[in-house]
Amino acid sequence: MISAQAWADARRLWDYHQMGHALKPCSVAIGLGSHDLGVADTAVDLYRRGMAPLLVFTGATSPTTRERMPRGEAVHYRERALELGVPSSAVLVEPNARNTGENIRFSRAVLAEAGVDVSSVLLISKPYEERRAYATARKLWPEVEIVSASTPMTLEAYVDSIQDARLVIDMLVGALQRLLIYPEQGYMISQSVPDDVLEAYERLCREGFTSRLLATDRPSV
């Protein structure tokens with residue numbers, strides 16, 4: 001049973017994780033691999049709307065995607081895009097990245113090898129990973145403009161799609177922890193975290209939503 005307070009705290013984290021960027025045409029759209037094919041669907045939708053002339057899908061496999069996407073996340077995303085009518089000439093694949101930093105660095109290398117001039121990137125992720133993806137890209141690719149995007153949906157709709165509310169809240173908590181500790185480790189830029197978001201995070205940790213936390217000796221806040 002998840003309490004009303006836990007749900008309210010989860011919504012607060014959900015809202016914070018989304019950047020709220022206004023969409024605009026960019027040089028390229030990069031879809032970050034995961035278990036969620038909705039990232040590919042959103043990339044296709046944005047391509048059709050003229051937001052990017054080229055899609056890059058990036059990602060190998062992980063314990064959560066190995067069975068569902070045995071050929072790799074980026075490959076399955078590409079196949080989904082082609083099924084939806086995107087021409088193969090408009091899709092590049094980066095099949096080796098195993099974390100967000102590698103997603104950015106390896107995609108950048110693929111684009112450079114293809115001779116694509118990049119001044120702006122439409123960065124497409126799961127809804128609760130928008131801020132993490134943005135902070136990572138700003139650290140590793142500071143000279144380009146980053147516009148964050150994801151499938152527009154509420155927390156409740158996302159929980160319905162995953163069918164595991166506790167896991168979703170655990171993921172929200174884990175993503176927030178990374179925003180707190182990764183800047184010190186050089187993985188992403190530092191961003192201001194409002195007090196009410198920190199308080200919600202701490203309450204959820206105390207309630208046991210901790211399966212996605214990294215072991216660390218550092219204070220959580």
Side-chain angles (χ1 to χ4, degrees), residues 1-22 31-42 59 62-69 73 98-101 103 123-139 146 148-185 187-221:
M1 184 70 178
I2 297 174
S3 69
Q5 180 65 65
W7 276 114
D9 289 337
R11 290 188 193 96
R12 199 171 301 276
L13 264 61
W14 176 267
D15 290 342
Y16 175 71
H17 282 309
Q18 296 182 54
M19 298 296 295
H21 286 169
L32 304 185
S34 72
H35 61 84
D36 187 354
L37 269 176
V39 173
D41 291 349
T42 296
S62 71
T64 58
T65 62
R66 192 168 292 121
E67 290 187 8
R68 184 179 180 189
M69 300 180 182
E73 297 156 4
R98 297 186 181 276
N99 56 56
T100 307
N103 287 142
L123 195 59
I124 307 167
S125 64
K126 299 186 294 294
Y128 68 88
E129 291 282 8
E130 271 195 31
R131 189 172 291 275
R132 176 183 177 182
Y134 172 81
T136 304
R138 291 287 294 114
K139 178 70 176 183
I146 304 295
S148 286
S150 64
T151 306
M153 64 196 314
T154 64
L155 171 61
E156 289 77 10
Y158 191 76
V159 168
D160 286 345
S161 73
I162 300 298
Q163 291 294 300
D164 189 335
R166 178 165 287 275
L167 175 61
V168 171
I169 298 176
D170 283 350
M171 292 190 292
L172 293 172
V173 170
L176 198 285
Q177 183 207 33
R178 287 156 176 79
L179 291 172
L180 295 171
I181 68 174
Y182 275 2
E184 293 184 7
Q185 298 174 13
Y187 297 145
M188 61 175 63
I189 64 166
S190 179
Q191 297 178 93
S192 175
V193 183
D195 288 343
D196 60 342
V197 174
L198 291 174
E199 291 164 2
Y201 165 76
E202 290 288 355
R203 279 193 296 267
L204 290 169
C205 287
R206 290 194 296 270
E207 288 293 316
F209 294 97
T210 57
S211 75
R212 293 304 176 101
L213 291 182
L214 300 172
T216 175
D217 293 330
R218 300 175 187 271
S220 57
V221 295

**Report entry** Chi angles and distances behind the side chain to side chain contact (heavy atoms under 4.5 Å, CB included) call for F209, C205
**Finding:** CA-CA 5 Å; F209 294 97; C205 287; over 6 Å; no
**Report entry** Distance, nearest 0.5 Å, that separates CZ of R11 from CG of L172
**Finding:** 11.5 Å
Report task. Apply salt bridge (charged side-chain N to carboxylate O under 4.0 Å, His left out) to D170 and R212, showing your working. Result -> CA-CA 6 Å; D170 283 350; R212 293 304 176 101; over 6 Å; no
Query - Heavy-atom donor-acceptor pair, E202 side chain to E199 backbone, under 3.5 Å - result: no
Query raised in the report: Within a strict 4.5 Å, meaning less than it, do heavy atoms of the Y182 and L214 side chains meet?
Result: yes
Query - Audit row: R138, Q191, side chain to side chain contact (heavy atoms under 4.5 Å, CB included) steps and yes/no - result: CA-CA 11 Å; R138 291 287 294 114; Q191 297 178 93; over 6 Å; no
Report task. Apply side chain to side chain contact (heavy atoms under 4.5 Å, CB included) to the pair Y201 and R206, showing each step before the final yes or no. Result -> CA-CA 9 Å; Y201 165 76; R206 290 194 296 270; over 6 Å; no
Query raised in the report: Where do V39 and S34 come nearest, in terms of heavy atoms and distance?
Result: CG2-OG, 4.3 Å
Query - Shortest non-hydrogen contact between A10 and L204, atoms and distance - result: N-CD1, 4.0 Å
Query raised in the report: With R12, which residues qualify under salt bridge (charged side-chain N to carboxylate O under 4.0 Å, His left out), at least two apart?
Result: D196
Report task. I would like to know whether Y187 and T136 meet side chain to side chain contact (heavy atoms under 4.5 Å, CB included); could you show each step before the answer? Result -> CA-CA 6 Å; Y187 297 145; T136 304; 5.9 Å; no
Query raised in the report: Taking only residues at least two apart or on different chains, which pairs with a member in residues 123-134 satisfy salt bridge (Lys or Arg N to Asp or Glu O under 4.0 Å)?
Result: E129-R132
Query raised in the report: How far does CG of L123 sit from CG of N103, to the nearest 0.5 angstrom?
Result: 8.5 Å
Query raised in the report: OG of S150 to CG of L32: how many Å apart, nearest 0.5 Å?
Result: 11.0 Å
Requested in this report: Could you check if a side-chain atom of L176 sits within less than 4.5 angstrom of a side-chain atom of L180, using non-hydrogen atoms only?
Outcome: yes
Query - Distance in Å, D36 CG paired with S161 OG, rounded so as to fall on 0.5 Å steps - result: 6.5 Å
**Report entry** Distance, nearest 0.5 Å, that separates CG of L13 from CD of Q18
**Finding:** 11.5 Å
Requested in this report: May I ask you to check whether T151 and T42 show a side-chain donor-acceptor distance below 3.5 Å?
Outcome: yes
**Report entry** Non-hydrogen atoms of I2 and A6 that approach each other most closely
**Finding:** CG2-CB, 3.6 Å
**Report entry** Interatomic distance, L155 atom CG to D15 atom CG [nearest 0.5 angstrom]
**Finding:** 8.5 Å
**Report entry** Heavy-atom pair of closest approach, residues Y134 and S148
**Finding:** CB-OG, 3.4 Å
Query raised in the report: Quick check: does any side chain N or O of T210 sit under 3.5 Å from a backbone N or O of L213, one acting as donor and the other as acceptor?
Result: no
Query - Test item: L179 and H17 side chains (from C-beta on) under 4.5 Å apart, heavy atoms - result: yes
Query raised in the report: Should the pair Y158 and Y128 be assigned to parallel (<30°), tilted (30 to 60°) or perpendicular (>60°) ring geometry?
Result: perpendicular
